[in-house]
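This report concerns only the one structure given below.
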2 protein chains.
Amino acid sequence: MTVGPSAPQPRTGKTARLPRTARRFQLLGAAREVFVAQGYHATAMDEIAERAGVSKPVLYQHFPGKLDLYLALLDEQAYSLLSSVRRALASTTDNHTRIARSIAAYFDFVDDPSGAYQLVLESDLRSEPAVRKRVENSFTECANAIAAVIAADTGVGPGEAELLSIGLVGLAETGARWWLVTGGTVEKERAVATMVELAWRGLAGYPRRNVDDADPASPDHADERED
Amino acid sequence: MTVGPSAPQPRTGKTARLPRTARRFQLLGAAREVFVAQGYHATAMDEIAERAGVSKPVLYQHFPGKLDLYLALLDEQAYSLLSSVRRALASTTDNHTRIARSIAAYFDFVDDPSGAYQLVLESDLRSEPAVRKRVENSFTECANAIAAVIAADTGVGPGEAELLSIGLVGLAETGARWWLVTGGTVEKERAVATMVELAWRGLAGYPRRNVDDADPASPDHADERED
DNA sequence: TCTGGATGCCGATCTTGACCTCCACCAGCG
DNA sequence: CGCTGGTGGAGGTCAAGATCGGCATCCAGA
């Protein structure tokens, strides 16, 4: 999906010559793989070059430095996420569906086999101002998109809507990331549905059970959810 | 609060001799300040030593290496957060209050003037397995504590309870961090209350306003919340 | 087909910066 | 007065980002 084989090119000596744009695209793919697998600090430019099957100078002929390369990938992913969320919000006017699709968008974003979501949601370079700015912008833009819908469709003020959207994004982000690390233990649709339920009806939507009413045969609410 | 003056010790030459535990405590304080201010990678051991007013060898006589020092601080903060959440959950049997206090615990954790929450919630060393493990453990433990309460007090199964707790923790964490970066624009209690409301009643708790019903004089729900 | 030029690529190297130890110093005690 | 043990400054080592001259490859045109 990315650009080429996952194994480093064992090209003995020479590499096929590529036009600039194709080479650049390939380098981005290789860099994405290594950055995702090891994080920013742990990856060496040597590794990226090796992964791409080229030598280091080629890398520096396409990108001024390590940080620029990383930022290019970061922008790519941040834009992807924001687009997905915007599409989800614009795809319907029913707010429950909007929330469901937005949360699903986070799960889909995280579910990409390349793992590129890590660049946006788990970057290890937030100390760098340029990175911090992009990560926070990505977060804020997504939240603002949701906040605009909330403010438009409910009676809450813009400040309150922003707070709510922050909470929702946090819920979706964290839920999606956690679901991913479980590695398929929980069905994706089920995880999404639970998060949507929580976001939509809150904890109070779940039946209270008295502490002395510990009958395990009582009907389970979670399974009779309808949508 | 941490250990001593924020300015590096301008001691010309000699430093007062301290017993081991006191020295270690002071070194931890200095390290915390520098790690928090600059992140793991950007901080040099030289800086920590200078900040503490000692020389590098004494640092290495107390901690085998940079990573060990960082892990000590990380454990410290992770334990602090987990304790706060556990206290919040154990302080009452009313679930709404439990959630409120738990979310408030995250806000209080983040609100510490030392900024030490960054070590747990914004570490730039997740590529290191030891760090990753601790960060994830901290998150999981907090979620499990909440999940246990949910599973005990509602009819949902343990898997569903875990999912819900993950979402709640994400909501609290993200909300708290975001509230902090706003830097006092929003009142803390108000931010907490909104997050609690969202967690408890969900978005559906807010009145639906028809798109053609754009009367700004409609009563604002968010202010008439009762608990 | 042959040639000249330009483009793309590589091996080897430089430099920086940060983690981690070696020789002089000094304070307290018998 | 001499010894013990902790402290300080200076240095070793190494990994990693960034770079320079040389070589191979492709293409336009006669």
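Not measured: the values here are computed from a predicted model. The chains referred to below are lettered A, B, ... by the order of the sequence lines, with proteins before strands, and numbering in each begins at 1.
- When the side chain to side chain donor-acceptor pair (under 3.5 Å) test is applied to T140(A), no partner is found at least two apart in sequence or on another chain.
- In this structure, CD of Q61(A) is placed 16 Å from C1' of dG17(D), rounded to the nearest angstrom.
- For dC9(C), one of the phosphate oxygens OP1 or OP2 lies less than 4.0 angstrom from a side-chain nitrogen or oxygen of R23(A).
- Identified under the side-chain hydrogen bond (donor to acceptor under 3.5 Å, both in side chains) test for residues 165-182 of chain A, with sequence neighbours left out: E122(A)-R177(A).
- One can place OH of Y70(B) at 14 Å from P of dC19(C), the figure rounded to the nearest angstrom.
- We find that R190(A) and E160(B) are joined by a salt bridge, their nearest charged nitrogen and carboxylate oxygen being less than 4.0 Å apart.
- Atom P of nucleotide dT7(D) and atom CD of Q26(B) are separated by 11 Å, given to the nearest angstrom.
- Considering only side-chain N and O atoms, Y60(A) lies nowhere under 4.0 angstrom from the phosphate OP1 or OP2 of dT19(D).
- Atom P of nucleotide dT7(C) and atom NE2 of H62(A) are separated by 14 Å, given to the nearest angstrom.
- Rounded to a whole Å, the NE2 atom of H41(B) is 11 Å from the P atom of dC19(C).
- As rounded to whole Å, 10 Å separates atom C1' of dA15(D) from atom NZ of K56(A).
- Candidate nucleotides dC20(D), dC19(C), dG8(D) were compared by shortest atom distance to the side chain of P57(A), and dC20(D) ranks first.
- Rounding to whole angstrom units, CZ of residue R17(A) and P of dC23(D) are separated by 15 Å.
- Checking dC20(D), dC19(C), dG8(D) against every side-chain atom of V58(B), the shortest atom distance belongs to dG8(D).
- Atom P of nucleotide dT21(C) and atom CG of D46(B) are separated by 14 Å, given to the nearest angstrom.
- Distance from the side chain of A44(A) is smallest for dG17(D) among the nucleotides dG8(D), dC10(C), dG17(D).
- Looking at N95(B) and R98(B), their side chains do bring a donor and an acceptor atom within 3.5 Å of each other.
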